[in-house]
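Everything below concerns the one structure shown next.
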Amino acid sequence: MATEKLIIGDTEINRAIAMAKSGETPDGKIFIFTDEKFTNLRLQVQAKTASWIVRWKSSSVTIGYAWPAKKRHITAPSTVRKLADTVLDLMKDDPDKVKSYLDAHFAGQSKSEALKAAHKTADTWTLRECVEQTIDGKTAPDAKHKIGANTVKDYRGTFSRDVFQKVLDKPAVLVTRGDIESVRDHVKKHVGASPAIKIITYTRAVLDYCARNHAGQSGLDKVDAWWHFLNAPFEIKPRNRRPEIEAIVATMLLAEEYLTKPLPGRAQGVNGTNPGTLAGLWWLVLTCQRAAAGMSLLAHDVVTDPDSNEFLLAAWAEDVMKAGQAHVLPIPDRAWAMINSFREKGRHAGSQEWAFPSERKKDAHATASGVYRILYRLAGRDALIQEAKVERKGKKVPERTERRDLLKEAGIDWWSLHDLRRSLTKVLDDNGIPGGATVILAHDIHEKSELAVTASEREREDFQKLRTARITKMAYGGAQYIALKKEAMRIWTDAVLDEYDRQKSEKAATLEAAE
DNA sequence: TCTGACACCCGTCGGTGGTG
DNA sequence: CACCACCGACGGGTGTCAGA
């Protein structure tokens, strides 16, 4: 083995690099330069690498490479000696700390930061432990800023990503901005912007929580709060799909047409839509409520308005609405008649429980998902066939043939339930009542009335009467802006229903002309 | 005309990604 | 941070058809 003892300088480094590049040393064995200036340092060439090694007593540690130039690349003699000096001290102190120190050093931390980090490795939390502690702390019954089950689900989803695992096992004090940013970028590239933003948001939340509440155990008191600078340099463009009333109504007429016939290409003569589900779609079109909340309307919470012949009142309890606020909406008679014309033809029409009972399940309400599927099928977005579970036994089976986008064929751009809310806002703005949309959409209502019902309450003979009284009181008192809501609801529903009447008679005229 | 087998269809469930 | 949209997967109910 060739060993040269001298002061390692650029000449030696270049020779070592040349050897490593070719993979050949003069005698084919390991080639070593030992440094006369810093006795514990050596530059060792073996195969295709030239490594910087610090030796002390019987142990040696690689602190970097002169070649290859990929990771931990160091070629300046002074830099190497400085690093070697620190590492040697650490080796004498506690050899176990060297690795973490080098991790921190090459992650770009300053000497003092990296040293602090190194001294903390054994007894401070990993990032994973910080996550767990944060979730535990924020879900405790007496937590100050509690998080809900959905948010816990969000945390778990975010931190369970594969690319995150390695970083999570690092001690939190050693995690760097670069670590988190590379996870963020990977997720952005392979998943999407929203999950990538969550990486940043939740990492920041976790480190903040631990630094604030468990600084000692997490070790985060020894580190600058670099996570405050974490950022996601992109944003999600807000959607701006806004179907015109004409398109909405054309879609509704199309859906209505398929109440009595199968959709194109279907192998069986099953009607494309069912009245109960269509009633749900009409309900959402005419009220523009959030789909899930809108469909969970209880049957007894639609009441006649004692103060008006032209409206009904619909009410949602606070636990159904976003932000936990009760909501009352006046429904113009004309609109309710439209909805009801389909509603009363539903399979479970007249349900005591739900205003919009499911077509399928007894005792359940029609779901937003089911309503949405009407649009989904009309656009031909549903899968062509399910995979056959059993081998066909030569029997001729009806086959589904084509998938057509009926909306496109009718010149309608794809729209979905949430888009209705933008259409409503536009129509009301155009009609000079910009506040109308806000009150209908329940963006900013503060109402504390109790609408929860107990079973025994419902047993009472005069329940419906009492219920009506309570909803009315809520509608007219307090912060429900009932007059504004009435005006806004009338403008919107009239606009939709006028267009419906227009298109319907136009259609009838076309049919007549064809005969 | 009846019956049973089969696979189809609509609406539901639940997970993932997006939104305000 | 708490909701929403979207969509794959699936199941109960049912139309279809061959054969009795």
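Quick note on labels: first sequence line is chain A, next is B, and so on, each numbered from 1.
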Checklist line | Euclidean distance, atom CD1 of residue A/Ile199 to atom P of B/dG18 [Å, nearest integer] | finding: 13 Å
Side-chain donor-acceptor distances from residues 225-232 of chain A under 3.5 Å, at least two apart:
residue  : atom : partner  : partner atom : Å
A/Trp227 : NE1  : A/Asp208 : OD1          : 3.1
A/His228 : NE2  : A/Asp208 : OD1          : 2.9

Note to self: With a 3.5 Å cut-off and heavy atoms only, can you find an N or O donor on one side and an acceptor on the other between the side chain of A/Arg373 and the base of C/dG8?
What the structure shows: yes
Check: If only side-chain N and O atoms of A/Tyr376 are considered, is one of them under 4.0 Å from the OP1 or OP2 phosphate oxygen of B/dG11?
Finding: no
Notebook entry, point to check: Counting side-chain heavy atoms from C-beta on, which of C/dC1, B/dC10, C/dC6 comes nearest to A/Leu263?
Noted result: B/dC10
Checklist line | Flag for A/Arg421-A/Gln289: side-chain donor and acceptor within less than 3.5 Å | finding: no
Item checked: Rounded distance in Å - CG (A/Asn271) to P (C/dG13) -> 18 Å
Note to self: Tell me if a side-chain donor or acceptor on A/Asn271 pairs with a main-chain N or O of A/Leu259 at a distance below 3.5 Å.
What the structure shows: yes
Margin query: What is the separation between atom CD on A/Glu359 and atom P on B/dC9, rounded to the nearest whole Å?
Written below: 18 Å
Notebook entry, point to check: Separation of A/Phe356 atom CZ from B/dT12 atom C1', in whole Å?
Noted result: 19 Å
Margin query: OP1 or OP2 of C/dC7 versus the side-chain N and O atoms of A/Tyr372: is any pair under 4.0 Å?
Written below: yes
Note to self: Here's a test of your reading of the structure: between A/His418 and A/Arg360, which maps to the more 5' nucleotide of DNA chain B?
What the structure shows: A/Arg360
Note to self: By nearest atom, which of the nucleotides C/dG13, C/dC1, C/dC6 is closest to the A/Ser416 side chain?
What the structure shows: C/dC6
Item checked: Phosphate OP1/OP2 of B/dG20 contacted by A/Arg422 side-chain N/O (<4.0 Å) -> yes
Check: Is A/Thr277 touching bases, backbone alone, or none of the nucleic acid, heavy atoms closer than 4.0 Å?
Finding: sugar-phosphate
Notebook entry, point to check: How would you label the contact of A/Thr273 with the nucleic acid (heavy atoms, under 4.0 Å): base, sugar-phosphate, or nothing?
Noted result: nothing
Check: Does any N or O in the side chain of A/Arg347 come within less than 3.5 Å of the main-chain N or O of A/Arg360, such that one atom is a donor and the other an acceptor?
Finding: no
Check: Between the side chain of A/Thr273 and the main-chain N/O of A/Ala255, is any donor-acceptor distance below 3.5 Å?
Finding: yes
Notebook entry, point to check: Any chance the side chains of A/Glu129 and A/Gln133 put a donor and an acceptor closer than 3.5 Å?
Noted result: no
Checklist line | Sugar-phosphate, base or nothing in reach of A/Ala364, heavy atoms under 4.0 Å | finding: nothing
Note to self: Tell me if the side-chain of A/Thr201 makes a donor-acceptor pair with the base of C/dC1, cut-off 3.5 Å, by modelled atom types.
What the structure shows: no
Next item on the list: Round to the nearest Å and state the distance from A/Leu417 atom CG to C/dC7 atom P.
Entry: 13 Å
Check: Between B/dG11 atom C1' and A/Arg381 atom CZ, what is the distance in whole Å?
Finding: 18 Å
Checklist line | Atom-pair distance (CE on A/Met295; C1' on B/dT12), nearest Å | finding: 13 Å
Checklist line | Toward the 5' end of DNA chain B, by each residue's nearest nucleotide, A/Lys198 or A/Gly272 | finding: A/Gly272
Margin query: Under 4.0 Å, heavy atoms only, any strand: does A/Thr367 hit a base, just the sugar-phosphate, or nothing?
Written below: sugar-phosphate
Check: Starting at CD1 of A/Ile374 and ending at C1' of B/dG11, how long is that distance when rounded to a whole Å?
Finding: 10 Å
Item checked: Where at least one partner belongs to residues 253-263 of chain A, residue pairs that pass salt bridge (charged side-chain N to carboxylate O under 4.0 Å, His left out), sequence neighbours excluded -> A/Glu256-A/Lys504, A/Glu257-A/Lys261, A/Glu257-A/Lys507
Notebook entry, point to check: Between the side-chain atoms of A/Ser369 and the base atoms of C/dC7, is any donor-acceptor pair under 3.5 Å?
Noted result: yes
Check: Do the ring centers of A/Tyr500 and A/Trp282 come within less than 6.0 Å of each other?
Finding: yes
Check: Would one find a side-chain N or O of A/Ser358 under 4.0 angstrom from OP1 or OP2 of B/dT12?
Finding: yes
Check: In degrees rounded to 10°, what angle is found between the helical axes fit to the five outermost pairs at each end of the helix from B/dT1-C/dA20 to B/dG20-C/dC1?
Finding: 20°
